[in-house]
Colleague: 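Attaching a single structure in structure tokens format; questions to follow.
Start at 1 with the first residue, then count along the sequence. Just so it is clear, the structure is predicted and the values come from calculations on it, not from any experiment.
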Amino acid sequence: MAGRINDDDVKAVRDAVPIDAVVSEYLQLRNAGGGNLKGLCPFHDEKSPSFQVSPSKGLFYCFGCQEGGDTLDFVMKIDHLSFSETVERLAAQAGITLRYEEGGYNPTHQRGERIRLVEAHKIAAEFYVEQLDGPEAEIGRKFLAGRGFDQAAAQHFGVGYSPAGWDHLTRYLRGKGFSDKELLLSGLSQDGRRGPIDRFRGRLMWPIRDITGEVVGFGARKLRDDDNGPKYLNTPETAIYKKSHVLYGIDLAKKEIARASSAVVVEGYTDVMACHLAGVTTAIATCGTAFGGDHIKILRRLLMDNATAEVIFTFDGDAAGQKAALRAFEDDQKFAAETSIAITPGGMDPCELRLAEGDAAVQKLVESRTPLFEFAIRQMVARHNLETPAGRAAALDEAAPVVAAIKNVAIQHESAVQLAGILGILDTQFVVKRVAQLARWARERGPERGGRGPERPASSRSRQQVQAPAVTASGPALNLRSPAHRTERELLKLALQYPALVSPAFDAYGIDEFTAPPYAAVRQTIEEAGGAEQGAEDTSGYLARVREAAPNDTVRALVTELAVEAIHARTVDEVYAGVQLVQVRLRAVDRRIRDVQGTLARLGPNADPEQHGAVANELWVLQQYGQSLRNQGAAAL
């Protein structure tokens, strides 16, 4: 078993890999103000971004689902890796050699399973690329050339060739130190009569990469007539490859998709290549499966669901293509983006279109798109005889509920008017009212729980509703409308984000000065991590120490949340920090005054004079201190 990774190396990895660079590999980030970035949370579905990243603090936090942490936590959660696997992956990216406290440097065979499978695929991809230059791969090179792809195009997309023998890759990977078990788990090999043999033999190979650019699988195209396998053979489901979770070309297209707020969905690997080479660099494709909900989640994180975002589907004009387009339309409402369809002429796919008519034709195909809604409606309407009143009525009955399901009221109205025109119904208002009535009935019924209608996104709830579940485990529900709780929260945010502004006064505050139990727990955690004054002196590791000192995940999550949440002030300076310090202390003094006054009342006139005098003196001191705080502010602390 591998030894524990050296703590200094873990810190070096955490510091070397900026969190915004890592998160940007998975979703689009935009300026959120205060030095923070925001995006659509990758851990839950939401319509507007509640996921925030603080590059200066190296932390992320979602105010919708309460997921948060540092760079390591993000990679662990999103890629389902162990702690050591995450550190090893990021260390490899940063060029850091890790030390292990037991057994020296980590031997290759001791690394995490996922890391090993990814390494095997990386080496396999390089092996296949090398084979494409050999004499046996002439048939593969001719196939590519026949579809308009030269050597440079093949290299750009990492296209390779798998030798026709039984175990060329298997033997090669064994020589690299991989066990037979790892080869079978990776899907690169399969069981043969005498042990593992290559899964892919004599085929053209496309590496399938995840959004971070790591090879997680392959798509293999048949080249020879004596190959009895399917035309395309993909990697089976493995620990690192789930076909419904990957989009071919996403690693190359993601930056342009985010920049242009547009994505083009095509049907095959060669179509992606053709589109990119023709200048449509937002093209991506599914890998042997229909476009579905998990693919939508990937795109939505890049598109950010802004008003101008668009997803364009390209399908052949034949019956199968039309059926696929209608399937895509069923998921249309899961996008906030506009969805469109581009039907290729003459049944050609984008690859064939580029070969026949050139790059400009591919670009024109995308530019000539039609709204997917309009396409779907026309397909429904085409099944009816619009020459008769009965046919028009039947078409309206089928299409109106579809229009009524459109969430955007303005688009719904315009689409109803468009539907009237398609049907040839001159009384446009009749169709508009019919659609509005259906939409109203649907709202009154509410979402049908059989298929679980869309729930209100967490980001649209009040902050009080969102935050309460994460912090009530150690105390009563927080009433954040309480001025005391708001001020305590603000002071803790300052202590975590700007420790120099509240030091050394903050460290003298007692735990009991924070009336909300979760906030008291955070105050205790800061103290156990060395206090805010130490954070002012050593800012680099301060937040990491505080998070590590948290007694449980609930407190740790609240620390992360407070460290990322924006300060409620345009100017964060000593004056603002002083106001928060004074307010928290003054409320604590006022509470103590009330307690002492109660004690005096209970003592009564017959109390021991010495005891009565001591209590009365404490009350006088507290009252004078409180008055000083009101008159002098932070100078009286």
Side-chain angles (χ1 to χ4, degrees), residues 132 138-159 204-206 208 219 221-223 231-232 247-257 259-288 290-291 299 310-329 337-376 378-379 382:
L132 187 61
E138 175 66 21
I139 187 173
R141 296 193 294 272
K142 286 183 177 179
F143 176 93
L144 292 171
R147 281 156 179 76
F149 304 126
D150 58 16
Q151 184 178 2
Q155 289 176 347
H156 180 68
F157 289 92
V159 182
L204 207 55
M205 305 296 296
W206 277 268
I208 299 171
R221 212 283 187 186
K222 180 168 71 172
L223 295 171
K231 182 178 179 181
Y232 279 96
L247 287 165
Y248 177 73
I250 193 70
D251 57 309
L252 298 174
K254 63 184 178 184
K255 290 184 179 178
E256 186 62 17
I257 289 174
R259 188 197 66 80
S261 287
S262 176
V264 177
V265 181
V266 297
E267 292 192 90
Y269 308 129
T270 56
D271 294 333
V272 171
M273 293 177 68
C275 285
H276 278 250
L277 294 174
V280 183
T281 53
T282 59
I284 42 96
T286 60
C287 301
F291 189 87
L299 283 184
E310 184 178 16
V311 178
I312 304 164
F313 295 90
T314 66
F315 294 108
D316 298 346
D318 58 15
Q322 292 181 11
K323 185 177 180 181
L326 291 175
R327 274 201 311 270
F329 177 67
E338 180 182 349
T339 52
S340 303
I341 183 170
I343 298 292
T344 54
M348 292 188 289
D349 58 35
C351 180
E352 294 167 336
L353 181 63
R354 175 176 179 263
L355 196 60
E357 301 181 25
D359 292 347
V362 177
Q363 296 173 7
K364 184 179 178 181
L365 168 68
V366 174
E367 292 167 359
S368 63
R369 59 197 177 273
T370 300
L372 186 55
F373 158 79
E374 181 181 335
F375 172 82
R378 289 189 181 278
Q379 292 296 309

Colleague: Looking at T286 and L247, what are the two nearest heavy atoms and their distance?
Modeller: CG2-CD2, 4.0 Å

Colleague: Can you tell me how the ring of Y269 sits relative to the ring of Y232, calling it parallel under 30°, perpendicular over 60° and tilted otherwise?
Modeller: perpendicular

Colleague: Tell me, do L132 and L204 make a side-chain contact under 4.5 Å, heavy atoms counted?
Modeller: yes

Colleague: Specify the closest pair of heavy atoms between T314 and E267, including all atoms of both residues, with the distance to one decimal.
Modeller: O-CG, 4.0 Å

Colleague: Passes side-chain contact (heavy atoms from CB on, under 4.5 Å), V280 versus V266? Steps please.
Modeller: CA-CA 11 Å; V280 183; V266 297; over 6 Å; no

Colleague: Under the criterion side-chain contact (heavy atoms from CB on, under 4.5 Å), I'd like the reasoning laid out for L299 against F291: C-alpha separation, chi angles, the key distance, then a yes or no.
Modeller: CA-CA 11 Å; L299 283 184; F291 189 87; 3.8 Å; yes

Colleague: Of the non-hydrogen atoms in V272 and A283, which two are nearest, and what is the gap between them?
Modeller: CG1-O, 3.8 Å

Colleague: Which atom pair, heavy atoms only, marks the closest approach of G148 to L355?
Modeller: N-CD1, 3.7 Å

Colleague: Can you give me the closest heavy-atom contact between G279 and Q363, atom names plus distance?
Modeller: CA-NE2, 4.3 Å

Colleague: If you look only at pairs with a residue in residues 351-365, which of them pass as a salt bridge (Lys or Arg N to Asp or Glu O under 4.0 Å), with sequence neighbours excluded?
Modeller: R354-D359

Colleague: Give the intermediate values and the outcome of side-chain contact (heavy atoms from CB on, under 4.5 Å) for residues L252 and T281.
Modeller: CA-CA 8 Å; L252 298 174; T281 53; over 6 Å; no

Colleague: Can you find a pair of side-chain heavy atoms, one from E338 and one from P371, that are under 4.5 Å apart?
Modeller: yes

Colleague: Checking I250 against I257 for the side-chain contact (heavy atoms from CB on, under 4.5 Å) test, could you report, in this order, the C-alpha distance in whole Å, the side-chain angles of both residues, the deciding distance, and whether it holds?
Modeller: CA-CA 9 Å; I250 193 70; I257 289 174; 4.1 Å; yes

Colleague: Tell me, do V159 and M273 make a side-chain contact under 4.5 Å, heavy atoms counted?
Modeller: yes

